[in-house]
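Shown next, in structure tokens, is the structure this report addresses.
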2 protein chains.
Amino acid sequence: MTVDAVVFGYSRMDGVSLLLIKRKYDPFKGSWAIPGGFVLDDESLEDAVERELQEETGLRINYLEQLYTFGKPERDPRSRIVSVAYFGLVKSTQFQKLRATTDAEEAAWFTFKKLPKLAFDHKKILNVSIERLRGKITYQPIGFELLDKKFPFSDLEHLYGSLLGRPIDRRNFKKKVMSMGILDELDEKAKSTGAGRPGSLFQFNKATYDRLLKNGMHFEI
Amino acid sequence: MTVDAVVFGYSRMDGVSLLLIKRKYDPFKGSWAIPGGFVLDDESLEDAVERELQEETGLRINYLEQLYTFGKPERDPRSRIVSVAYFGLVKSTQFQKLRATTDAEEAAWFTFKKLPKLAFDHKKILNVSIERLRGKITYQPIGFELLDKKFPFSDLEHLYGSLLGRPIDRRNFKKKVMSMGILDELDEKAKSTGAGRPGSLFQFNKATYDRLLKNGMHFEI
DNA sequence: GCAAAAGTGTTGGGCCTACACCCATGC
DNA sequence: GCATGGGTGTAGGCCCAACACTTTTGC
């Protein structure tokens, strides 16, 4: 029994990126792989994921959900190993921090366009994750988990645009999101990035979202 | 490592029902439980589910997908056992057939209103399944997997009505489903049930559905 | 003929899409 | 002042929800 964690991060520069580690031991020593490892006898699957991520990358994730369990008898060359894959998101602020420790020579972020070859069946696991992420952002407000606590509206727009792979109409998108009433507009402007007019900062209001959910509200982009 | 299979069936009489077995051995000997068992060393998780179902109930399922993996250390009193739960649907024709064999004294269908107390954490597994089923029928055409190959339109309507727990407008529902173009109307009438006018029979056209999917069609009820 | 279920259209309102110009800032 | 990105409103069309009477069958 192992757990693996497909962790996504986001930055305005690079768009959505994937967290990988370089394997320090055989099999696949030196290959890039999704972080993960064996589940201890007395820990839950979620605890195992968070422990492994902490050990291998030093990152603390912000959102975690179970993705899928991969159990083909031949998926690991050592022996029969079933892996429960999780799907995680980190806030943009955490995006830079990375620390290499005992189980991995290195950990790094990769954009989808510059992915290295992955160990085991991790490419397959990644594909399932990307599909899940793409699907899920349209009916659950998980996009906010990738942004800072306070963010300019254009960050959200760029995130959705890059994930959905199609241009988004700025006016319509903002109208739709704001009409849900789950974003608070702050009395604060983003600091200028050197070009263009700074926008207001926004903040996801989870309390309001939960309340609206209970009353039958339906998030959809 | 075990697998468990939450299997749903449907009949016009009883609505949606759940397949359970009576446990023949400890722990929970004599309790009703979701069918399942240990995964063999050289078989895939899916093969294990189908084998266990065949052994315990004699039923062959028509639709199977992975649901969730339950791995709390304390979920099984014997030892640390992680269970991959699957979610299955059987056609209405298969609904009656049941055979009790080696691992279970008995196997039977239960409606949600008459559920017995379940072994292990199976109640929790069931709840996740029901949620998945309710959610999924609105955006994937899995409802047809519960009906016969040929069915009167009202069966589909009753199925959706009972799963969604709200009345369905017959005219609007039929308009919507038929406009997707994934149902063929046959030159054949349902045999009379003793009351009311018999309706035409319909058949789900998977080939058409797959073709439309590729072209970006979006199933939604 | 009566009870039970199947079949069938229209309309009004709301929502979604398409679309372009001005504003604030840094250099 | 110019380049860059932020902010904003409207109109037309489409889709969806609401709604009731007639037809066929068994008894």
Side-chain angles (χ1 to χ4, degrees), chain A residues 10-15 92 138-139 147-148 150-162 164-203 212 216-221, chain B residues 11-13 15 92 138-139 147-148 150-162 164-203 212 216-221:
Chain A
Y10 177 78
S11 73
R12 197 186 309 210
M13 272 283 293
D14 299 322
S92 184
T138 68
Y139 65 90
L147 302 175
D148 289 342
K150 303 172 180 182
F151 55 87
F153 202 88
S154 57
D155 271 17
L156 189 65
E157 186 197 327
H158 290 137
L159 173 60
Y160 272 83
S162 70
L164 299 179
R166 55 178 156 89
I168 285 191
D169 183 282
R170 190 158 23 116
R171 279 179 285 193
N172 292 336
F173 182 71
K174 189 163 184 178
K175 230 181 305 169
K176 190 181 261 183
V177 175
M178 294 312 291
S179 74
M180 297 184 201
I182 57 177
L183 275 194
D184 296 338
E185 182 164 5
L186 306 175
D187 277 337
E188 205 176 333
K189 301 266 174 239
K191 61 172 183 292
S192 167
T193 58
R197 169 181 176 177
S200 302
L201 291 177
F202 292 80
Q203 191 170 340
L212 292 173
M217 169 257 210
H218 184 62
F219 181 94
E220 179 141 24
I221 298 291
Chain B
S11 72
R12 199 188 307 214
M13 273 282 293
S92 186
T138 68
Y139 65 89
L147 302 176
D148 290 343
K150 302 172 181 184
F151 55 88
F153 201 88
S154 57
D155 271 17
L156 189 65
E157 186 197 326
H158 290 138
L159 173 60
Y160 272 83
S162 70
L164 299 178
R166 55 180 156 89
I168 284 191
D169 183 282
R170 189 154 28 113
R171 281 179 283 193
N172 291 338
F173 183 71
K174 189 161 184 181
K175 230 181 305 168
K176 191 182 262 184
V177 175
M178 294 312 289
S179 74
M180 296 184 203
I182 56 178
L183 276 194
D184 296 338
E185 181 164 5
L186 306 175
D187 277 338
E188 206 175 332
K189 301 265 175 243
K191 62 172 182 290
S192 168
T193 59
R197 168 181 176 177
S200 302
L201 291 177
F202 292 79
Q203 190 169 343
L212 292 174
M217 170 255 209
H218 184 61
F219 181 94
E220 178 140 23
I221 298 290

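Quick note: numbers below take in every heavy atom, side chains included, and nothing from hydrogens, waters or symmetry partners.
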Quiz prompt | B/V177 side chain near B/F219 side chain, heavy-atom distance below 4.5 Å | solution =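 Result no, sub-4.5 Å side-chain heavy-atom pair not found.
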
Quiz item: Within the pair A/S154 and D/dG6, is there a side-chain N or O less than 4.0 Å away from OP1 or OP2?
Solution: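 Checking A/S154 against D/dG6: at least one side-chain N or O falls below 4.0 Å of OP1 or OP2.
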
Quiz item: Can you check whether A/T193 has a side-chain N or O nearer than 4.0 Å to OP1 or OP2 of D/dG5?
Solution: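 For D/dG5, neither OP1 nor OP2 has a side-chain N or O of A/T193 closer than 4.0 Å.
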
Practice problem: Examine distances only and state if a side-chain atom of A/S11 and a backbone atom of A/D14 form a donor-acceptor pair shorter than 3.5 Å. | Solution: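 Pair found, side chain donor or acceptor close to backbone of A/D14.
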
If you round to the nearest 0.5 Å, how far is [atom2] of [Y] from [atom1] of [X]?
{"X": "A/E157", "Y": "A/D155", "atom1": "CD", "atom2": "CG", "answer": "10.0 Å"}
{"X": "B/L212", "Y": "B/M180", "atom1": "CG", "atom2": "CE", "answer": "10.5 Å"}
{"X": "A/Y10", "Y": "A/D148", "atom1": "OH", "atom2": "CG", "answer": "11.0 Å"}
{"X": "A/L164", "Y": "A/T138", "atom1": "CG", "atom2": "OG1", "answer": "7.5 Å"}
{"X": "A/L159", "Y": "A/S154", "atom1": "CG", "atom2": "OG", "answer": "11.0 Å"}

Would you mind reading off the distance between [X] atom [atom1] and [N] atom [atom2], rounded to a whole angstrom?
{"X": "A/K189", "N": "D/dG5", "atom1": "NZ", "atom2": "P", "answer": "18 Å"}
{"X": "A/R170", "N": "D/dG5", "atom1": "CZ", "atom2": "P", "answer": "11 Å"}
{"X": "A/R197", "N": "D/dG5", "atom1": "CZ", "atom2": "P", "answer": "14 Å"}

Just the table, please: protein N/O against nucleotides 12-18 of chain D N/O, every pair under 3.5 Å.
{"residue": "D/dA18", "atom": "N7", "partner": "B/N172", "partner atom": "ND2", "Å": "2.9"}
{"residue": "D/dA18", "atom": "N6", "partner": "B/N172", "partner atom": "OD1", "Å": "3.1"}
{"residue": "D/dA18", "atom": "N6", "partner": "B/K175", "partner atom": "NZ", "Å": "3.4"}

Practice problem: Report the residue (B/S200 or B/A195) whose heavy-atom-nearest nucleotide on DNA chain C is the more 5′ of the two. | Solution: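 Between the two, 5'-proximity favours B/A195.
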
Quiz item: Quick one: how far along DNA chain C does chain B reach, first to last nucleotide 5' to 3', anything under 4.0 Å to a heavy atom?
Solution: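 Contact boundaries, 5' end first: C/dA4 to C/dT10.
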
Practice problem: Please say whether the positively charged group of B/K174, taken as NZ for Lys or CZ for Arg, lies over the ring of B/F153, i.e. under 6.0 angstrom from the six-membered ring centre and within 45 degrees of the axis. | Solution: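 Output yes; distance and angle both within limits.
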
